[in-house]
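To start, the structure under review is shown below, and the notes come after it.
Each chain gets a letter, A, B and so on, in the order its sequence line appears, and its residues count up from 1.
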2 protein chains.
Amino acid sequence: MTKRLAIGDLARQTGTKVNTIRFYEEIGLLPEALRTASGRRTYDTADLRRLAFIRHARQLGFSIPEIRSLLALSDQPDRDCAEAAAIAREHLHDIGIRIARLETLRSALTDVATSCEGGRVAECRVIEAIAGTELAL
Amino acid sequence: MTKRLAIGDLARQTGTKVNTIRFYEEIGLLPEALRTASGRRTYDTADLRRLAFIRHARQLGFSIPEIRSLLALSDQPDRDCAEAAAIAREHLHDIGIRIARLETLRSALTDVATSCEGGRVAECRVIEAIAGTELAL
DNA sequence: TATACAATCTCCAGTCACTGGAGGATCAAG
DNA sequence: CTTGATCCTCCAGTGACTGGAGATTGTATA
C-alpha cells in the first residue's frame, strides 16, 4: 500500500496549521480522516490536493460557502449537469472581475516599481487603479 | 463648495456597511472623518476612492496589513523611492501567483460549463486546476 | 529496555475583521 | 411639530481560524 500521511505532513506540505486541518474536518470541508489504531488521523494524496485547493481558494478571497460550492462541482460529477454549469458560470463572472482588478493593480505597481528605478518619485496611482473599476470616474 | 457625503452615502456607493466604515476609521485605514456641528461624519470623493480600494482589495484576499502597505505607496509619494519599489515588487510577485491561479480556475470552470452544455457529464478538474500550482504533481 | 522528546489527541479560550443591535440624538419632509 | 430615516457611541456576536493546556503515543538514542 502507498504510505499514508500524518496530519503534520499534510500541514507542512500545504502550509496549513494542524489545528486548521482539524477545523476543516469539523465543518465538513475535508472528509473525516481515517484513523490509526491509536486514533491518529491519516491522509492520502487526494486529501492533500483537496486541502491545497481549499487553502489557495481562501488566499484568493473565496469564502467557505463559495469553496463548498466549488468543491461540490468536483465531488458530484454525476450531478445535474445544468445545475453544475450554472454554478460554474456564476463563479466565472466573479473570477473575471477579480482577474481584471488584479491586472489593473499589477500595472499600477509596475509603474511604481519602474518609475522608482529611474530615481524619480513615483506617480502613485495605486488607489485609482483598483478603486475605480466600476465607480463612475 | 462641493458637497460632502454622509456615511450612509459612502456606504451605499461602495457596498460597505456603515459600521465597517467606522471600524476602518478606528483602525486607521481611513483618516478621521471631518464632522458636522452635530458630530456626524462627512466624506469627499478621495475618501470614496480610498474606501473602494480597501473593499476591493479585501475581496481579493489581501489582509489589512497588506492593504496598509499598498496604501502607504499612495500616501507617501515622496517617501524613499527604493523602499517603495521594493514593496511594490513584493506585491507584484504575489499578484502574479494569484492571477495565474485564477486563470487556471477560470479555465477549469469554463470546461465544466461548456462540457455540460453538450449534455455530457463534466470531467471535473476543478480541484486539480488550483490545487497543484506548486505541489510536485 | 529505559527515557526523553516530538507529534498527536481533545477541548477550549483568544484573535482578526467585521456585523448587528440597544439606546439615544438629529435631520428633513409633511 | 411630529414622524421616520439616519446618525451617534458602545458593546456583544460571528466566521475563520490560531494557540495553549493537559494527556497520550510514537520513535530515536543511551
**OP:** Of all the heavy-atom pairs spanning A:H91 and A:E66, show the shortest one and how long it is.
**Re:**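 Minimum heavy-atom separation between A:H91 and A:E66: CE1-O, 4.1 Å.
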Subject >> Main-chain N/O of A:A100 paired to A:T104 side chain as donor or acceptor, under 3.5 Å >> reply: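 Checking the backbone N and O of A:A100 against the side chain of A:T104, a donor-acceptor pair under 3.5 Å is found.
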Original post:
Taking for each residue the nucleotide of DNA chain D with the nearest heavy atom, is it B:T42 or A:Y24 whose nucleotide lies nearer the 5' end?
Top reply: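 The residue mapped nearer the 5' terminus is B:T42.
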Separation of atom [atom1] in [X] from atom [atom2] in [N], rounded to whole Å:
X     : N      : atom1 : atom2 : result
A:L10 : C:dT8  : CG    : C1'   : 14 Å
A:I64 : D:dT14 : CD1   : P     : 16 Å
A:I67 : D:dG15 : CD1   : P     : 15 Å
B:E66 : C:dA17 : CD    : C1'   : 14 Å
A:E26 : C:dT10 : CD    : P     : 10 Å
B:D9  : C:dC27 : CG    : C1'   : 13 Å
A:R4  : C:dT8  : CZ    : P     : 15 Å
B:L5  : D:dT6  : CG    : P     : 15 Å

Original post:
Is a salt bridge present between B:K3 and B:D44, judged by a nitrogen-to-oxygen distance below 4.0 Å?
Top reply: no
**OP:** Indicate whether any N or O donor in one side chain lies under 3.5 Å from an N or O acceptor in the other, for B:Y24 and B:R55.
**Re:**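 Present: a donor and an acceptor within the cut-off.
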**OP:** Give the intermediate values and the outcome of side-chain contact (heavy atoms from CB on, under 4.5 Å) for residues A:I21 and A:L10.
**Re:** CA-CA 9 Å; A:I21 297 173; A:L10 202 65; 4.1 Å; yes
Report each atom pair, protein N/O against N/O of nucleotides 18-21 of chain D, whose distance is under 3.5 angstrom.
unit_1 : atom_1 : unit_2 : atom_2 : d
D:dT18 : OP2    : A:T20  : OG1    : 3.1
D:dG19 : OP2    : A:K17  : NZ     : 3.1
D:dG19 : N7     : A:N19  : ND2    : 2.4

Original post:
Looking for any heavy atom pair under 4.0 Å, which part of the strands does A:I27 touch: base, sugar-phosphate only, or nothing?
Top reply: nothing
**OP:** Check the pair B:L51 / B:L29 against side-chain contact (heavy atoms from CB on, under 4.5 Å), numbers first and verdict last.
**Re:** CA-CA 9 Å; B:L51 179 56; B:L29 268 195; over 6 Å; no
What is the distance from atom [atom1] of [X] to atom [atom2] of [Y], rounded to the nearest 0.5 Å?
X     : Y     : atom1 : atom2 : value
A:T14 : A:Y43 : OG1   : OH    : 10.0 Å
B:I7  : B:T42 : CD1   : OG1   : 10.5 Å
A:I95 : A:F62 : CD1   : CZ    : 4.5 Å

Original post:
When you check the phosphate oxygens OP1 and OP2 of D:dC8, does a side-chain N or O of B:R41 lie under 4.0 Å from one of them?
Top reply: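 So the side-chain polar atoms of B:R41 do come within 4.0 Å of the phosphate oxygens OP1 or OP2 of D:dC8, strictly under.
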**OP:** Compute the bend angle of the helix from C:dT1-D:dA30 to C:dG30-D:dC1 from the end axes (five pairs per end), rounded to 10°.
**Re:**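 Both end axes considered, the difference amounts to 20°.
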Original post:
Can you list the steps and then say if A:R41 with A:E25 is a salt bridge (Lys or Arg N to Asp or Glu O under 4.0 Å)?
Top reply: CA-CA 11 Å; A:R41 290 171 180 84; A:E25 177 177 325; 3.0 Å; yes
**OP:** Verify salt bridge (Lys or Arg N to Asp or Glu O under 4.0 Å) between B:D9 and B:R12, making sure each step is shown before the conclusion.
**Re:** CA-CA 5 Å; B:D9 300 328; B:R12 262 182 301 281; 3.1 Å; yes
**OP:** Tell me which residues in residues 29-40 of chain B put a heavy atom below 4.0 Å from DNA chain C, sorted by number, or none.
**Re:**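 Result for residues 29-40 of chain B: B:S38, B:R40, sorted by number.
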